[in-house]
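Here is how names work: the chains are called A, B, and so on, in the same order as the sequence lines, proteins then strands, and each is numbered from 1. Every heavy atom of this structure was used, including side-chain atoms; hydrogens, water molecules and symmetry mates were not.
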Amino acid sequence: MSETNQNAQGPIISIKEMNKYYGDFHALTDIDLEVNIGERIVICGPSGSGKSTLIRCLNRLEAHQSGSVNVNGVELHQHMKDIDKVRSEVGMVFQHFNLFPHMTILENCTAGPMWVNKVSPSEAHETAMKYLKRVNIPEQADKYPAQLSGGQQQRVAIARSLCMNPKVMLFDEPTSALDPEMVSEVLDTMTDLAQSGMTMIVVTHEMGFAKQVADRVIFMDEGKIVESNEPIAFFENPQSSRTKKFLSQVLVH
Amino acid sequence: MIQDTVTDDVLLRKPKFIALLFAIFFVCFFIFDPSRSIMGHLLEPALGDPEQSGFYGRFVTSFMLSAILVLNLLAISFIPHFRLQVFVVWIELLILFLTFFYSFDLSFVFIRSKIGFMVTQGIFTTLYVSAISIVIASFIAIIGAVAKMSSNGFAFAIASFYTSFFRGLPLLMQVYLIYLGLPQIGYVIDAVPAGIIALSLCYGAYMTEIFRAGIMSIDAGQWEGSRALGFKFGLTMRKIILPQSIPLIIPPTGNQFIAMLKDSSLVSVIGVWELMFLARTLGNKTFNHMEMLITAAMLYWMMTMVLELIQSRIERKYQKRQSR
């Protein structure tokens, strides 16, 4: 983590008064958010509240229309030349894994380092195996994604992102598409990752994970950040009535 | 298509259906009056001269033919194995066609004397013109497909104009336009290259749509996954999207190749010595037109069957890969 400590002073992600529209629909309204290095943030909220859209704006899978998004010191905008560099430093884990089905697990993990970072095949192989061990599936390296369970595929997706040595990891509902019995293996991997000091922004409905891992929990509704607090205060003493209602709905089970 | 595990009763086990089938066959035969056919001659001992047998002959021959046909179908329906059943039906249909051709009273000596040249010159030319054209068309199609999906108005305009124009004109006209039109602007072109250009451009236009559909059918998540890793457009296309589209593109492209094999006959009009050209010219001197046309037809058909076989092999290979 010596690399990340170099600019430990400033926030790694800084969003100011960001607005996003889909045509006439105002998807995100005046978002302000700063994320410091090593910080672990969980974003929750009802579906359609804009939480996925928000983290997709952080590596510009989605464009914002006004305000500013600054990632690792680079301002994101339409005509930027170095978006691929930013993206290679921001790992993203998707709800539906988005592994490349025509490539083996190992090839999925070595592709990014070899094609983007121009790492030698042997080094990429070594890195890939290191992270596949870390997510506990080194023995599946030569299989294809379709041969793995959902939980295993998601862990491969995490390993694939880690192989790029990202400065920050984004998780877009990583357990929502999984069978219930596979959720915990993915959450365990993410908890392990959090403990290693990785900067993480996680969109999830897993409130247990939020309580255990998050430094800060953000609640969004209708495209706005409604509430942002540390987990104990967030869960035990929610401020807004909308948060209270949401929590009463998700914490029932 | 996924077969249901529960099958309906075999229709040919139902007496009503068999009776209906017989009735339909009978009516059809009766309308066409088969009394002067081979069947009429076979029944000559019973009917007398087929020409004179009249209504009675017409009735009996129709009845016999319908009965034979229905019995044949019934027999086939009792063959237990799917493949064997298919084989028998194929052979029967083939025999029917061959008797049809045989009835033209063809000169097989003439065919035998020419077939060597038709294969070495005709098939060879047809195959290489088609093969080169399909390769060029594929390249055009990739570029066209990307251009048609691009947000660049210039690229989209050129690609859509191209596909519209070359799909909108008859291929025969394109062959003429290129062969006769290019010399007008001072560039004299040989018949073979002109034919290849025409076929490539025309099929490139159709295949642009095939490639576009293949690329579009890849899940958006694949684009996002690649993009999130920092892959640029070309890399994503080459390494992620196209390898996944190819199994989808191959069957319709194989289909296009088979179609092109026969459309390449159109370049015979500008004097390329391919199969169709030879079929028209070789028989001219001795008035053996039918011999050459039927020979060429059989050669086209055989080439197509070989290609269909290859295509199904490739398809199976990709299916295996996907189910891995």
Distance (rounded to the nearest 0.5 Å) between N98(A) CG and R227(B) CZ:
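These two atoms lie 11.5 Å from each other.
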Got a second to check how far K232(B)'s NZ is from W115(A)'s CH2, nearest 0.5 Å?
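Output value for this atom pair is 15.0 Å.
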Greatest number of heavy atom pairs closer than 4.5 Å to chain B - which of E89(A), H96(A), R160(A), M103(A):
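Of the options given, most contacts go to R160(A).
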Taking atom [atom1] of [X] as the centre, does the number of heavy atoms from other residues, nucleotides or ligands within less than 6.0 Å exceed 12?
| X | atom1 | value |
| --- | --- | --- |
| Q85(B) | CD | yes |
| E139(A) | CD | yes |
| D190(B) | CG | no |
| M305(B) | CE | yes |
| F139(B) | CZ | no |

Would you say H102(A)'s side chain and I241(B)'s backbone share a donor-acceptor pair under 3.5 angstrom?
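Not at all, since once roles are kept as given, no pair shorter than 3.5 Å links the two residues.
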Report yes if some heavy atom in the side chain of [X] is under 4.5 Å from a heavy atom in the side chain of [Y]; otherwise report no.
| X | Y | answer |
| --- | --- | --- |
| F100(A) | L229(B) | yes |
| R56(A) | E224(B) | yes |
| P101(A) | Q222(B) | yes |
| F231(B) | S88(A) | no |

Where is the tightest heavy-atom contact between M92(A) and A228(B), given as atom of each residue plus distance?
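Smallest interatomic distance, heavy atoms only, reads CB-CB, 4.0 Å.
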Portion of [X] that has a non-hydrogen atom of chain B nearer than 4.5 angstrom:
| X | result |
| --- | --- |
| A157(A) | neither |
| L170(A) | neither |
| V90(A) | backbone |

At a heavy-atom separation under 4.5 Å, does I240(B) approach chain A through its side chain, its backbone, both, or neither?
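Both parts, backbone and side chain.
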